[in-house]
Every structure is written in structure tokens, then in C-alpha cells.
Amino acid sequence: MTRFAVGLTGGIGSGKTTIANWFADQGATLIDTDLIAHSLTRPGGLAMDAVRQQFGSAFVDADGAMDRAKMRELVFQRPEARQQLQAILHPLIRSECEREALAATGAYVIFVVPLLVESGGWRERVNRILVVDCPETLQQQRVMQRNGFSREQVEAIMATQARRTERLAVADDVVVNDVPLTENLPLLTKLHQHYLALSQTNV
């Protein structure tokens, strides 16, 4: 990928969206793989024929979208089902990411990839990896408040994601997001200026 790009990742409840949106406000183009996945599995989405063929009509809701609640339950119970779903979605997500990156008009591109470590291949596709980090107890609190999940549900989700140490091991840059956004503004501004400078040398 010739355009300067950052891969932004972090565990559930780390505050990825808040940090990513700040960069967007500064002029970066965001490409969110979660939003792409939702688009692929909505009614008429490019992945729906394959989802229906692989998992059956029980996993398609009345509107023709993937039944996310049923699929979430299935992939937690059966790791092979997660792999099957990823085999359908990941190539389509990659193609759409490349298409959106080519059309991007921002100063640089930020790919928001919750499963950057887990899905593999991103190190070769981005120039920098930015990890949004926070203590796991804070992740749990945020998701419980935001989604109304029990602690056990949140822990089950976190268990399917890369460990905190694994994310930090691949990071070029880290934002510790356990404080209000205003307290991180000096660091975020420094990173933005750094990315702007790198994007100029990457042209």
C-alpha cells in the first residue's frame, strides 16, 4: 500500500473509537473494519450468500442480515465456526479496505482494526501500528456499562482476543487510554504531527 497508513487497534472497551475519531477530526481518513464487516453482513451484503451456505438460514434474520446474536453465541462455543466465518469475511474486508484506501482524501489513512493481531498480515500493510491500551479491569467496566453485559460475558469476549501483552508487542506507538481525552491531547497531537511528517516522506 503506497499511501501512508496507520493500523489502530486495542481490546474491547479500550476506547479505540474515541481515539480514532480524534484523528479523523484532525484530517485523517478512517477505515473501520468493524463497519465494513457490518456492511458485508447486512441484507444484501456481499458475504450473506456465503454465510447462508456455510451456516444455514437459522443464522439469517427476517430482514436477510446475519443474526449477530446467534453467530456470536456459535463462535464462542465452536472455535472452528469462528475460523469459518473469518474465512468468509477477511478476504472481503481486505478488498474493501484497499478500495477505500485508494479513494481516501485525508492527510493519511487510519485502519481501525480490533483484531489486527489476531487476523495477521497487517504489519506488511501499514507503516505504523498504534495500540490503544488500558487496564483490563477498566475494559471490563466500560463494556459492562456500555453494553449491559455481565462480567462473565465480557471476560468471554476478551478471552477470544489477543492478550494485552501481544498487542503491546507489535506496537510502534501506544496511547494509554485510562484518563479523560483532554489529558491525552499532547500525546495525540504529537502523534498526529509525526504521522503528517511521515506521510509527506511516503509520497
Side-chain angles (χ1 to χ4, degrees), residues 1 5 7-21 24 29-104 109-122 125-126 129 131-132 136 139-140 142-163 166-167:
M1 192 169 293
L8 186 154
T9 193
I12 187 170
S14 61
K16 294 182 298 297
T17 300
T18 298
I19 301 301
N21 287 342
T29 292
L30 295 189
I31 300 175
D32 190 321
T33 58
D34 263 2
L35 293 180
I36 292 172
H38 276 261
S39 175
L40 292 170
T41 55
R42 68 188 179 190
L46 290 177
M48 285 312 301
D49 285 345
V51 167
R52 186 179 289 105
Q53 183 174 356
Q54 179 70 55
F55 298 101
S57 59
F59 290 89
V60 180
D61 67 20
D63 295 325
M66 185 176 73
D67 189 320
R68 300 184 193 287
K70 282 187 178 180
M71 187 63 74
R72 188 181 303 117
E73 184 178 353
L74 178 68
V75 299
F76 280 146
Q77 294 173 348
R78 293 175 47 204
E80 68 273 17
R82 178 184 301 278
Q83 294 168 0
Q84 290 165 346
L85 182 61
Q86 289 174 345
I88 293 170
L89 293 180
H90 284 180
L92 294 172
I93 290 171
R94 178 165 186 156
S95 295
E96 182 61 18
C97 281
E98 292 172 352
R99 189 190 70 78
E100 291 189 21
L102 288 172
V109 171
I110 290 186
F111 293 101
V112 184
V113 192
L115 302 180
L116 182 146
V117 175
E118 298 88 331
S119 53
W122 281 97
R125 296 163 60 190
V126 297
I129 292 177
V131 171
V132 181
E136 292 181 355
Q139 287 181 253
Q140 293 170 355
R142 286 172 173 169
V143 179
M144 288 166 65
Q145 291 171 358
R146 182 185 69 196
N147 299 83
F149 290 170
S150 68
R151 185 174 300 277
E152 290 73 20
Q153 286 175 304
V154 180
E155 289 175 347
I157 294 170
M158 291 174 63
T160 69
Q161 298 186 339
R163 292 189 296 272
E166 291 174 320
R167 285 190 294 269

Notebook entry, point to check: Which atom pair, heavy atoms only, marks the closest approach of R125 to A5?
Noted result: O-CB, 4.4 Å
Item checked: Student check: side-chain heavy atoms of F111 and T33 closer than 4.5 Å -> no
Item checked: Residue of the set D34, I88, L40 for which side chain to side chain contact (heavy atoms under 4.5 Å, CB included) holds with I93 -> L40
Check: Which value, rounded to the nearest 0.5 Å, describes the distance between M71 atom CE and D61 atom CG?
Finding: 11.0 Å
Notebook entry, point to check: Just how far is it from atom CD of Q161 to atom OG of S14, taken to the nearest 0.5 Å?
Noted result: 8.5 Å
Next item on the list: Identify the two heavy atoms, one from A104 and one from V109, that lie closest to each other, and give their separation to 0.1 Å.
Entry: CB-CG2, 3.7 Å
Checklist line | Crowding at CZ, R42 (>12 non-hydrogen neighbours, <6.0 Å) | finding: no
Next item on the list: May I ask you to decide whether E98 forms a salt bridge with R94, counting only side-chain N to carboxylate O separations under 4.0 Å?
Entry: yes
Check: Roughly how far apart are F59 CZ and Q54 CD, rounded to 0.5 Å?
Finding: 10.5 Å
Notebook entry, point to check: Charged N to carboxylate O below 4.0 Å: is that the case for K70 and E73?
Noted result: no
Next item on the list: Measure the shortest side-chain to side-chain distance between R68 and H38 over non-hydrogen atoms and say whether it is less than 4.5 angstrom.
Entry: yes
Next item on the list: Take I36 and I31 through the side chain to side chain contact (heavy atoms under 4.5 Å, CB included) test and state the conclusion after the steps.
Entry: CA-CA 8 Å; I36 292 172; I31 300 175; 3.9 Å; yes
Notebook entry, point to check: Counting heavy atoms not belonging to E80, are there more than 12 under 6.0 Å from its CD?
Noted result: yes
Margin query: Tell me if a side-chain donor or acceptor on K16 pairs with a main-chain N or O of V132 at a distance below 3.5 Å.
Written below: no
